[in-house]
Trainee: 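There's a structure below that I have some questions on.
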Amino acid sequence: MTTQPTPPVVLTLAGSDPSGGAGIQADILTLASLGCHPLSVITAITVQDTVGINDFMVLDADWVNDQARFLMEDIPVTAFKIGMLGSVENVAVVAQLIADYPDIPVVLDPVLASGGGHELADEDLIAAMRDMLIPQVSILTPNSIEARRIASNDADEDEDLTLEQCAQRILALGCPHLLITGTHENTKEVVNQLYGPGGLVRSDTWERLPGSYHGSGCTLASAIAGMLATGLLLPEAVREAQEYTYQALLNGFRPGMGQFLPDRMFWARGDDEDDDAGQA
């Protein structure tokens with residue numbers, strides 16, 4: 001049997017979402033859809049559905065570390081994607097992990113709260129991310145609420161910060177690129193802004209879709225990691241990942257009583273009308 005070439009391998013570290021809408025399940029679906037092979041390290045277990053999170057349990061940092069180290073010693077990884085970490089200890093072990101592999105690009109989606117507003121990170125955890133993790137990543141992908149929390153020195157200051165001010169403060173922490181998504185802003189259209197060392201790199205505008213979606217941020221961050229793993233340069237990877245995520249949202253579905261979920265396999269769904277026409 002002929003050995004086939006290995007697809008690009010992306011290691012994702014995130015919490016588990018049993019609904020399949022967000023978290024590590026969203027990462028796996030997205031990366032597989034883009035032709036990558038996903039490796040998965042679970043950082044937390046959640047009790048949740050499409051309506052919201054009922055409870056969660058953060059895994060011990062030694063377990064997180066061992067999961068990742070065993071994989072890294074066996075399989076060459078092309079990119080890292082980091083989501084919910086859940087504890088300062090987990091931030092520390094993941095920071096050390098990526099420090100040991102400085103040539104691998106890192107996409108950090110700073111999951112601070114669930115889509116339903118359930119808090120998943122306290123101020124100590126955010127401080128640990130600022131100090132240990134953000135300076136090492138290739139790109140940070142917060143929504144505007146997360147960007148303000150990370151950039152602010154005082155909770156009362158959050159609402160007063162412009163996104164430009166947030167970008168300047170976060171880039172000063174040491175990460176070279178920052179993509180702030182505008183889903184939560186009060187604008188007619190969604191505007192996503194990519195910043196680099198020299199300021200604004202690109203601004204992309206998308207139609208604001210009706211409804212509420214679960215897992216859009218996970219999908220976007222994973223798609224960026226997947227695009228980087230396939231060899232795209234970062235600005236192009238960000239653009240292509242946004243296009244993929246928009247199509248996944250446009251084709252989203254509502255399997256339960258809560259939010260819509262992105263269809264990460266939208267491209268694989270046959271059009272029944274086209275099929276019928278082809279058979280006529």
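Source: prediction; values computed, not measured.
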Trainee: Report yes if the side chains of Tyr101 and Val77 come closer than 4.5 Å at any heavy-atom pair, otherwise no.
Mentor: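 Side chain of Tyr101 against side chain of Val77, heavy atoms only: no contact under 4.5 Å found.
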Trainee: Between the side chains of Glu207 and Tyr246, is a donor N or O closer than 3.5 angstrom to an acceptor N or O?
Mentor: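 Result is yes, a qualifying pair exists.
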Trainee: Less than 3.5 Å apart, any donor N or O on the side chain of Glu185 or Ser144 sitting next to an acceptor on the other?
Mentor: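 Distance-only check passes for Glu185 and Ser144.
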Trainee: Tell me if a side-chain donor or acceptor on Asn65 pairs with a main-chain N or O of Ala68 at a distance below 3.5 Å.
Mentor: no
Trainee: For the pair Asp17 (side chain) and Gly23 (backbone), establish whether a donor and an acceptor sit closer than 3.5 Å, ignoring hydrogens and angles.
Mentor: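 Pair absent, no side-chain N/O of Asp17 close to backbone of Gly23.
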Trainee: Can you classify the ring geometry of Phe266 versus Tyr244 as parallel (below 30°), tilted (30 to 60°) or perpendicular (above 60°)?
Mentor: tilted
Trainee: Below 4.5 Å, heavy atoms only, C-beta onward: do Ser87 and Leu59 meet side chain to side chain?
Mentor: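 Contact flag for Ser87/Leu59 side chains = no.
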Trainee: Are any non-hydrogen side-chain atoms of Met72 and Asp100 less than 4.5 angstrom apart?
Mentor: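 In short, these two side chains do not touch, never coming nearer than 4.5 Å.
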Trainee: What is the minimum heavy-atom distance between Phe253 and Pro262, and which atoms define it?
Mentor: CE2-O, 3.9 Å
Trainee: Where is the tightest heavy-atom contact between Arg202 and Arg239, given as atom of each residue plus distance?
Mentor: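 Between these two residues, the closest heavy atoms are NH2-CD, 3.3 Å.
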Trainee: Picking from Val58, Val93, Ile42, what satisfies side chain to side chain contact (heavy atoms under 4.5 Å, CB included) with Val64?
Mentor: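 Passing option: Val93.
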Trainee: Between Gln136 (side chain) and Met132 (backbone), is there a donor-acceptor pair under 3.5 Å?
Mentor: yes
Trainee: Nearest 0.5 Å, what's the CG-CD1 distance between Leu34 and Ile224?
Mentor: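 The distance works out to 11.0 Å.
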Trainee: Can you tell me how far the CZ atom of Arg148 sits from the CG atom of Leu112, to the nearest 0.5 Å?
Mentor: 13.5 Å
Trainee: Among Thr30, Asp109, Asp27, Thr245, whose side chain to side chain donor-acceptor pair (under 3.5 Å) with Ser222 holds?
Mentor: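 Single side chain to side chain donor-acceptor pair (under 3.5 Å) partner of Ser222 among Thr30, Asp109, Asp27, Thr245: Asp27.
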Trainee: Are side-chain heavy atoms of Leu228 and Val10 found at a separation under 4.5 Å?
Mentor: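 Not touching, per the 4.5 Å side-chain cut-off.
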Trainee: Counting only N and O atoms by type, is there a donor-acceptor contact under 3.5 Å from the side chain of Arg254 to the main-chain atoms of Met257?
Mentor: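 Yes; judged by distance alone, with no hydrogens or angles, the pair exists.
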Trainee: Is the closest side-chain heavy-atom distance between Gln242 and Asn192 below 4.5 Å?
Mentor: yes
Trainee: Kindly give the heavy-atom pair with the smallest separation between Leu161 and Cys166, and that separation in Å.
Mentor: CB-SG, 3.9 Å
Trainee: How many angstroms lie between CD in Glu123 and CD1 in Ile126, if you round to the nearest 0.5 Å?
Mentor: 4.5 Å
Trainee: Hey, quick one: are Met129 and Ile180 part of the same hydrophobic cluster, counting side-chain heavy atoms closer than 4.5 Å, chains of contacts allowed?
Mentor: yes
Trainee: Would you say that Leu85 contacts Leu133 through its side chain, given a criterion of any heavy-atom pair below 4.5 Å between the two side chains?
Mentor: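 The answer is yes; the side chains approach within 4.5 Å.
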Trainee: When you check the side-chain N and O atoms of Arg208 and Thr187, is any donor under 3.5 Å from an acceptor?
Mentor: yes
Trainee: Is there a side-chain contact between Ile150 and Ile134 in this structure, where contact means two heavy atoms from C-beta onward sitting under 4.5 Å apart?
Mentor: yes
Trainee: Decide yes or no for Arg264 and Thr219: does some side-chain heavy atom of the first lie under 4.5 Å from some side-chain heavy atom of the second?
Mentor: yes
Trainee: Is there a chain of hydrophobic side chains (I, L, V, M, F, W, Y, each step under 4.5 Å between heavy atoms) that links Leu232 to Trp267?
Mentor: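 Both belong to a single hydrophobic cluster.
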Trainee: For Thr12, is there any backbone N or O sitting under 3.5 Å from a side-chain donor or acceptor partner on Ser40?
Mentor: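 Between the backbone of Thr12 and the side chain of Ser40 there is no qualifying donor-acceptor contact (under 3.5 Å).
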Trainee: Grouping I, L, V, M, F, W and Y whenever their side-chain heavy atoms are under 4.5 Å apart, do Val94 and Val9 come out in a common cluster?
Mentor: yes
Trainee: Would the distance check show the side chain of Gln193 and the main-chain N or O of Leu200 forming a donor-acceptor pair, the cut-off being under 3.5 Å?
Mentor: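 Checking the backbone N and O of Leu200 against the side chain of Gln193, no donor-acceptor pair under 3.5 Å is found.
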Trainee: Quick one: do Ile170 and Ile82 end up in the same hydrophobic cluster if we chain Ile, Leu, Val, Met, Phe, Trp and Tyr together by side-chain heavy atoms under 4.5 Å apart?
Mentor: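 Hydrophobic grouping puts Ile170 with Ile82.
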Trainee: If I take atom OG from residue Ser138 and atom NE2 from residue His177, how far apart are they, to the nearest 0.5 angstrom?
Mentor: 9.0 Å
